Amino acid sequence: MLCACSGEQFKFEDALQSPESLATRDFLASGLSSWTGDWESKLDDVQVDEAESTLKEALSLNFEEARALLGRLEYQRGNFDAALQVFQGIDIKVSLLLEAILLKAKSLEELEHFRDAAKECNIILEVVEAAFPSGMHEGIAEDCKLQEVFHKVLVLLPNLWKKAGFLSEAITAYRRVLVKPWNLDPLRIANVQKDLAATLLYGGVETSLPAHLQVWGSATPNGNMEEAILLLLILVQKVAYGEIKWDADIMDHLTFAFTVTGQFELLAGFVEQALPGIYERANRWYLLALCYAAADRNEVALNLLKKVSGQSEANHKPHIPALLFGSKLSSQDPKHALYGITFARNAIDLADQANDHFKGQAHKFLGVCYGNAARVSISDSERAHFQKESLTSLNSAALNMKEDPELVFNLSLENAVQRNLDVAFDNAMMYSNMVNNDSGRAGSLDQLELLRLRAVLQIAQEQPKQAIETYRILLSLIQAQRGPQSDLENVAERKIEMAAWQDLATIYTKVDSWRDAEICVNKAKSVDLYSPKSWHTSGLLFEAQSLYKEALVSFSIALSIEPDYVPSIVSTAIVLVQIGNESSLQIARSFLMNAVRLEPTNHDTWRNLGLIAKMEGSLEQAVEYFQAAYELEMSAPVEAFK
Amino acid sequence: MSSSNPDSNAHSCIQSLSSILSSVPSSVSSSSNPSFSLLHDPTITSEISSLLRLPDSGSGDNNLCRWLYDTFHSTDPELKLVVLRFVPIIAGVYLTRISLRKSLAGFEAIVLALYAHETTARDGQPVTVNVPDLSQPSIYHEAKGSVKNKATELNLAVISPTLEPHGTMRSSRRARIVGVALELYYSKISQMPVSSKMEFCEFCDIWAAGQKSEESKGKKERRIPLPWELLQPSLRILGHCLLGSQKSKELLEAASMATKSLYNRCLHDVDAKGILATSSLLRLEQMALDPKLNVDHTEIDGNVLSL
């Protein structure tokens with residue numbers, strides 16, 4: 001090798017300690033080229049080969065490197081044709097290079113150097129992103145291999161960050177994949193969207209969008225939860241349009257997100273949207289019932305649950321959770337009592353070994369439903385049967401669930417209704433102890449109900465003073481509780497308040513404290529003017545003061561609010577009887593007949609029919625009526641529970 | 001803490017702590033980043049945890065509660081994190097002792113302080129999320145069909161309703177107040193050490209299934225009522241432990257057990273919201289463990305033992 005300047009033999013091996021040092025090579029190469037003299041603008045291949053092999057030997061370059069260097073030299077000297085010629089001879093293996101970096105990253109991953117691996121990936125991404133600032137569109141990337149490597153890196157990077165524990169960087173990396181088009185196939189995009197949604201939902205690291213992405217105005221997601229929901233909704237839409245297959249994970253993430261954010265009806269909509277076959281039919285109904293019940297739409301939920309245990313599912317395994325759920329929802333409304341009994345009985349009878357621990361709950365709901373059924377029953381024997389079953393079931397539940405406050409409360413209530421007043425009191429005290437200590441919702445509303453129960457028991461035991469005192473406590477608790485509550489809680493509390501005022505008015509009326517009674521009635525009316533019972537109570541107050549005209553007016557108002565309000569019908573008849581002339585007796589009787597039709601077990605109705613019969617001289621008929629009234633009165637529940 | 005220098009705050013904190021604990025390792029007291037050391041030092045945190053579990057730990061005159069209360073009121077946010085780290089134990093022990101008629105004024109003071117902090121921070125606003133309308137394009141999708149020109153109506157979902165200030169603990173508000181303390185804990189969960197998260201999982205287990213406590217002299221298990229105000233933030237924390245943090249296998253196991261316990265409890269109580277959330281978490285965990293497992297994803301099984 002001749003030296004550039006002196007032409008002497010020169011050994012390059014010593015000088016070239018680091019052949020990778022491009023700067024060194026450059027320097028030497030420019031030296032060499034000046035030595036090789038001026039080249040003509042067009043070279044022939046032989047000359048190129050020679051120059052190339054010279055360079056190769058001199059600088060330990062490989063074929064591609066040598067040519068690349070040569071080409072650059074020519075370019076820099078302005079010999080574009082020559083440069084082009086040189087370059088065309090090289091098969092530029094950029095993609096191989098990138099793949100090498102990718103494999104380096106993957107090796108680091110295997111060795112668990114996740115952060116280093118991530119950094120390697122970043123290099124690739126930065127290079128490619130710089131080359132394609134607005135993403136890759138179809139057809140732009142001519143080198144398929146390059147695109148393939150790039151795609152692998154895109155998808156690998158966020159996973160590496162996650163493994164390294166850098167969730168914020170992972171989220172940023174996920175977003176990088178999604179916000180520009182990179183020609184990824186739809187399934188891959190969907191997977192990335194799903195993984196990003198999961199990281200946003202559960203990662204616990206709020207990573208706000210960078211400023212340049214916050215350009216979508218009100219559609220810019222604000223916070224991790226919003227962004228996750230946006231992604232999940234997009235994914236669900238893709239499933240709906242058939243762009244991707246159903247994926248249970250998507251639905252589970254969505255369920256979690258919507259449960260936390262209280263969007264149950266929306267969730268139900270998506271469950272309904274799933275194509276047939278995705279869910280087993282009974283399960284779909286059960287799932288929907290859960291959603292609708294969570295959204296406080298119990299009627300809808302119940303209908304769905306009836307279907308689960310209905311004819312169409314007769315050939316399938318019984319769905320115990322659905323049965324239990326059905327019995328719970330039914331127990332909350334007397335009109336569903338009979339369905340509730342069926343649900344609960346089925347739950348108990350069909351439950352296998354594994355579901356044994358549900359039986360206590362099932363018995364509890366069964367007991368409550370029987371109690372409700374008894375109260376709305378018209379047949380005497382049926383009512384007695386239901387009441388007996390109710391206590392049996394509740395006591396059976398108490399065998400496994402002694403500490404359940406709801407059960408104790410219901411035991412107290414049902415025993416009170418059936419006039420087992422001592423047991424009722426014991427349970428009421430037990431409940432009171434539980435409630436006073438426990439945290440949570442067993443606070444206000446249940447306490448108020450307990451107090452009302454206690455007052456009613458005191459009335460039944462003819463202790464009006466104690467009852468008045470209890471009501472006083474109840475009402476002052478309500479006054480003190482003017483805090484923010486859910487709508488349901490508010491409504492329930494207003495109901496109890498109004499009932500308390502009505503009961504107080506009744507007590508005061510009975511003990512002839514007219515003024516106090518009047519105040520209480522007006523308070524009741526201020527809670528809800530359109531309650532028939534409030535007007536009825538007014539009427540009773542007037543009646544006690546022998547103000548019959550005023551009494552009739554009040555009863556008429558009650559009946560105009562609710563034409564089938566039996567107590568007012570009966571009371572109207574009673575007042576008419578008091579007025580006592582021939583025609584009013586006839587009218588009174590027709591009122592009472594109406595009342596009998598509506599509520600055949602009301603003993604007051606029968607007794608007054610008897611009175612009218614007696615006044616008209618039909619003594620035998622009067623006796624029959626009185627007999628009926630007596631028997632009904634003996635088996636009637638405590639008055640205030642009607 | 002009147003000094004504005006965070007380091008001196010941390011140092012005086014550590015000093016007062018040393019009179020409560022048996023010893024404070026020198027690695028902490030002479031550390032260059034004392035609050036960070038306090039947060040992560042295993043000796044100190046395990047001793048504090050043990051002290052908090054003692055039978056009379058929550059009373060009004062308890063030194064440790066006092067220290068936690070004062071430390072939370074420090075101006076150094078790192079020191080607040082130290083107190084937050086112990087929220088699972090404090091909330092857990094507090095709730096399990098309600099029925100035992102003990103004085104819990106110490107715990108209540110801390111929990112109320114956390115609640116007050118959040119009340120101030122949220123400034124009367126609820127925490128909401130906007131459920132997006134897909135008919136408007138976003139950074140992740142183009143709208144299908146014609147874009148509605150009218151302004152999108154916001155569909156606001158409430159994650160946490162507006163907070164009312166509460167100076168004292170009332171039984172009707174207890175669940176909400178403790179729930180808000182848990183929400184605060186969740187907001188910083190990425191900075192909480194694994195041991196704290198494990199404690200949370202342990203308490204979820206206890207809340208769900210009740211504990212046979214020796215203190216109640218052989219009484220049967222007392223379950224703690226789990227209203228939604230308490231359950232919802234707990235589920236978010238559990239979701240993170242189960243699916244959001246990949247690092248600790250132990251944590252994963254603890255979270256899995258806790259989620260199963262809560263699932264069983266929700267099934268027993270027939271709590272629709274709880275069933276929906278816990279069953280989803282459990283299925284997601286199964287899929288993550290073995291994606292090839294042919295789980296029937298739609299099965300909400302009454303046979304809880306098989307899960």
Side-chain angles (χ1 to χ4, degrees), chain A residues 162-163 165 167 178-179 193 198 201-205 213 216 218-219 221-223 225-226 229-231 233-234 237 248-249 252 255-256 259-263 266 278-280 283 286-287 290 293-294 320-321 324-325 328 354-355 357-358 361 402-403 437-444 483-484, chain B residues 95 98-99 101 129-132 134 136-141 152 154 157-159 162 164 171-172 174-175 178 186 189-190 220-227 230 232 235-236 239-240 242-247 267-268 270 272-273 275-277 280-281 283-284 287 297-300 302-303 305:
Chain A
K162 273 171 87 167
K163 286 184 181 173
L167 289 181
L178 297 172
V179 297
Q193 285 175 329
L201 264 184
Y202 311 111
V205 179
L213 290 180
W216 292 84
S218 60
N222 183 5
M225 179 65 84
E226 261 189 48
I229 292 181
L230 172 63
L231 287 160
L233 289 178
I234 291 172
Q237 191 179 64
D249 279 358
D252 286 325
T255 304
F256 185 79
T259 305
V260 164
T261 53
Q263 297 294 295
L266 211 52
I278 302 244
Y279 291 104
E280 221 179 69
N283 267 327
Y286 177 61
L287 195 48
L290 286 172
I320 305 295
L324 192 65
F325 194 24
K328 176 181 179 177
N355 289 310
H357 47 290
F358 290 149
Q361 285 279 75
K402 219 164 181 37
E403 302 286 311
N437 291 329
D438 280 344
S439 62
R441 196 166 36 94
S444 57
Chain B
L95 289 175
I98 296 289
S99 53
R101 297 180 195 274
V129 197
N130 180 33
V131 179
L134 286 190
Q136 299 289 331
S138 73
I139 48 172
Y140 295 124
H141 83 297
T152 356
L154 282 185
V158 176
I159 299 186
T162 317
E164 292 281 321
S171 67
S172 55
R174 185 174 290 129
V178 177
Y186 179 70
I189 197 154
S190 55
K220 277 176 66 171
E221 309 180 356
R222 287 302 298 266
R223 279 184 173 164
I224 293 166
L226 277 180
L230 204 49
Q232 188 239 40
L235 288 169
R236 296 188 78 187
H240 165 83
L242 200 59
L243 302 167
S245 64
Q246 300 194 329
K247 302 200 99 177
L267 268 187
H268 180 275
V270 202
K273 298 179 189 178
I275 295 176
L276 285 169
S280 297
L281 283 180
R283 270 193 304 272
L284 285 167
M287 287 298 280
H297 329 294
T298 60
E299 182 82 24
I300 302 180
N303 292 331
L305 302 172

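Chain letters run A, B, ... following the sequence lines, proteins first and then strands; every chain starts at 1. Excluded from the calculations below are hydrogen atoms, water molecules and symmetry mates; all remaining heavy atoms, backbone and side chain alike, are included. All figures in this text were calculated on a predicted structure; none of them were measured in a lab.
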List the atom of A/Phe256, the atom of B/Leu235, and the distance in Å for their closest heavy-atom pair. CZ-O, 3.6 Å
Do you know which two heavy atoms are closest between A/Gln193 and B/Tyr140, and how far apart they sit? NE2-O, 3.8 Å
When the 4.5 angstrom heavy-atom criterion is applied to A/Glu226 and chain B, the contacting part is both
Between B/Leu276 and A/Leu287, is there a side-chain heavy-atom distance shorter than 4.5 Å? yes
Quick check for you: to the nearest 0.5 Å, what is the distance between A/Thr259 atom OG1 and B/Ile275 atom CD1? 11.0 Å
For B/Leu242 and A/Tyr202, run side-chain contact (heavy atoms from CB on, under 4.5 Å): C-alpha distance rounded to whole Å, both residues' side-chain angles, the deciding distance at 0.1 Å, then the answer. CA-CA 8 Å; B/Leu242 200 59; A/Tyr202 311 111; over 6 Å; no
Minimum heavy-atom separation for B/Ser280 and A/Asp252, please, with both atom names. CB-O, 3.6 Å
Kindly write out the residues that satisfy side chain to side chain contact (heavy atoms under 4.5 Å, CB included) with A/Thr261, not counting sequence neighbours, or none if the list is empty. A/Met225, A/Ile229, A/Phe258, A/Gln263, B/Val129, B/Ala157, B/Ile159
Does any heavy atom of chain A fall under 4.5 Å from the side chain of B/Ile139, the backbone, both, or neither of them? both
Report the residues that fulfil side chain to side chain donor-acceptor pair (under 3.5 Å) with A/Lys163, sequence neighbours left out, ordered by chain and then residue number. A/Glu109
Of A/Leu266, A/Val179, A/Asp249, the largest count of non-hydrogen pairs under 4.5 angstrom with chain B goes to A/Asp249
Could you check whether any side-chain heavy atom of A/Leu167 comes within less than 4.5 Å of a side-chain heavy atom of B/Ser190, counting everything from C-beta outward? no
Say you draw a straight line from NE2 of B/His141 to CG of A/Leu230; how long is it, rounded to the nearest 0.5 Å? 6.5 Å
Quick check for you: to the nearest 0.5 Å, what is the distance between A/Ile320 atom CD1 and B/Leu267 atom CG? 12.0 Å
Could you tell me which portion of A/Lys162 (side chain, backbone, both or neither) has an atom closer than 4.5 angstrom to a non-hydrogen atom of chain B? both
Tell me which of these, B/Ala277, B/Ser138, B/Gly244, has more heavy-atom pairs under 4.5 Å with chain A than the rest. B/Ser138
